[in-house]
Amino acid sequence: MTPEIIVNGKKLEEIKDQCLGIAFFEDNLKLRNEIKNLDNSINNAIGNSIKNKDFKAEKNEVKTFYINKNIKYLALLGLGKENDFDLNKLMDATSNLSKKLRNSGIETFSLALNSFKNKNYEHDIYLEKITQAITLSLYQFTKFKTRDLDKIKSIKKVTIILDNEHLKNSEKIANEASIYAEAVNKTRDLINTPPNIATPDYVATAAADAGKKNGIKCTILDEKQIEKLGMGCIMAVARGSSHKPRIFVLEYNGNGNEMPIVLVGKGVTFDTGGINIKPSSYLTTMKDDKAGACGIINILEACARLKLKLNVIGIGALAENMIGSSSYRPDDVLKSHSGLTVEIVNTDAEGRLLVADALSYSLKYKPQAVIDVATLTGASIVALGYFASPVLGNDQKLIDKIKAASEKSLEKIWQFPLWDEYKDLIKSDIADIRHHHGGIDAGVMVGGIFLKNFVKDVPWAHIDIGNTVWAKQEKGYTVKGATGFSVLLLLNLLRDWK
Ligand code: BES
Ligand code: MN
Ligand code: ZN
């Protein structure tokens, strides 16, 4: 389903394809030599449409022309003003064009990379982003469709045309960029998989399969082992469900004995809220509550495919937050893996319980840093809307690294504070700590301040993807449904680690 993406150093007038896409800035409509040569071979279709103002290159404008020569169609794409152009706009433009061409029934097309460039970035960056935009924007989740399959349109192949001098390096860049984008799309697939199928055991098996395929060691802990390890928080969350909890541990070894970076993911395969049941309108899409863990499986797979020189361990804590006669309750006191006793306030704040036990378990790997990714709070939506995820932690250097990765990956994050004042909110009268304060104030920070207790003094960051995990609307390379947010961010972080 994902298109094959290849690079090619041919001259534009020699391209044979169903469609060729060329982009223009609205304030720079002069034809460069390479485009002039092409234009000569297609009866000046480009020059004429610009002269006649058929095509003005306004942002998101797409004009297609029937040429029926080497190329069957020509697609002219507007990028708007050159000064306003940036990598987000590059990805938006590429995504919109890719989807338009697919929806019009085209199956293969070429893009003239040079026409998408201004002077602000290196060649490699344009190639990386354009490759990712194509693969991400064309994502479709069709696994459960059984009717009218012949009506599902898809792009089979995209050729990116670039200068001959860039060709050699470009193949590698495009391949790597595809690995990133495929990791996102596979994450989307797993998150989108419905909760009657994607149970904790199903997600754990997906981790084991990814491990086997890529030569990554994978250990699956079942409910008996989880219990024996004293993970009272995970056990409690899982108790209301007939689907037993699982933990996967994927260990990618790319650098000998170096201390590992550990990634921990929340994997709630469905979040009913438990006894504190969610209102109906909040229940749909709660299959996305496993997104943290799903991303981590594919990040680990990508580490192996990219052969990163790092040791990375991915831990997913998997359970279903169901209601039943065995469900855990508000007022329960749990004994966590760390030994801390936890008073339960609201069974819908289940994610931090899974993550707490997994974080505390992760310390046995003597990590140089631990990062958890979790759909932890609805409060993240209140705080930041749907564009940028909160990040919090105990180590500014680590957070600064994540910020740098965010700039590169274009996945936005925003740092929130973990001031000691927040500690008072979760003091307990009867146990060591409460897992929630029972209020709606400072929801993101309360989640963070609770988790902080389980990492001792290891550098740690918490990324709350509660607000970015799911897209209600299509926008740029984001399609409706699971976004796969955090995968590009963390892969950029790992690639640039040190
Ligand atoms: N999984 C949810 C957070 C969430 C909500 C993610 C909406 C994505 C979209 C989490 O387990 C949760 O239910 N949080 C509650 C906690 C509160 C009721 C104590 C929240 O933040 O509303
Ligand atoms: Mn919940
Ligand atoms: Zn949840």
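This is a predicted model, so every value here is computed, not measured.
With salt bridges taken as basic N to acidic carboxylate O contacts below 4.0 Å, one links D348 and K278. Salt-bridge annotation for K244 and E223: absent, with no side-chain N of the basic residue lying under 4.0 Å from a carboxylate O of the acidic one. Using a 4.0 Å cut-off between charged nitrogen and carboxylate oxygen, D84 and K89 do not count as a salt-bridge pair. One finds a salt bridge joining K427 and D424 here, because a Lys/Arg side-chain nitrogen approaches an Asp/Glu carboxylate oxygen to under 4.0 Å.
Under 3.5 Å, the side chains of Y139 and D189 contain a donor-acceptor pair of N or O atoms. Donor-acceptor pairing under 3.5 Å is lacking for the side chains of N185 and T2. Under 3.5 Å, the side chains of D357 and S336 contain no donor-acceptor pair of N or O atoms.
K498 is linked by a salt bridge (charged side-chain N to carboxylate O under 4.0 Å, His left out) to E258, counting only residues two or more places apart in sequence or in another chain. Legend: residues meeting salt bridge (charged side-chain N to carboxylate O under 4.0 Å, His left out) with K475, ordered by chain and number and at least two apart, are absent. For F85, the ring pair (Phe, Tyr, Trp, His ring centres under 6.0 Å) partners two or more places apart in sequence, or in a different chain, are F25. With sequence neighbours excluded, no residue satisfies side chain to side chain donor-acceptor pair (under 3.5 Å) with D92. Partners of F450 under the ring pair (Phe, Tyr, Trp, His ring centres under 6.0 Å) rule, at least two apart in sequence or in another chain, are F454. Considering only residues two or more places apart in sequence or on other chains, E411 meets the salt bridge (charged side-chain N to carboxylate O under 4.0 Å, His left out) condition with none of them. For Y121, the ring pair (Phe, Tyr, Trp, His ring centres under 6.0 Å) criterion is met by Y126, not counting sequence neighbours. Considering only residues two or more places apart in sequence or on other chains, D496 meets the side chain to side chain contact (heavy atoms under 4.5 Å, CB included) condition with K408. Scanning for salt bridge (charged side-chain N to carboxylate O under 4.0 Å, His left out) contacts around K412 gives an empty result, with sequence neighbours left out.
By the 30° and 60° cut-offs, the orientation of the rings of Y422 relative to W419 is parallel.
Pairs of residues two or more places apart, or lying in two chains, that qualify as salt bridge (Lys or Arg N to Asp or Glu O under 4.0 Å) and include a residue from residues 292-310 are E182-R305, K186-E301, K213-E301. Each salt bridge (Lys or Arg N to Asp or Glu O under 4.0 Å) pair with one or both residues in residues 452-473, not counting sequence neighbours, would appear here, but there are none. The stretch residues 367-389 participates, sequence neighbours left out, in no salt bridge (Lys or Arg N to Asp or Glu O under 4.0 Å) pair at all.
Counting non-hydrogen atoms of other residues, nucleotides and ligands closer than 6.0 Å to NZ of K403 gives a total above 12. The number of heavy-atom neighbours closer than 6.0 Å to CD of Q415, taken from other residues, nucleotides and ligands shown, is above 12.
Cation-pi check for R188 over F141 is not met; the charged atom does not lie both under 6.0 angstrom from the ring centroid and within 45 degrees of its normal.
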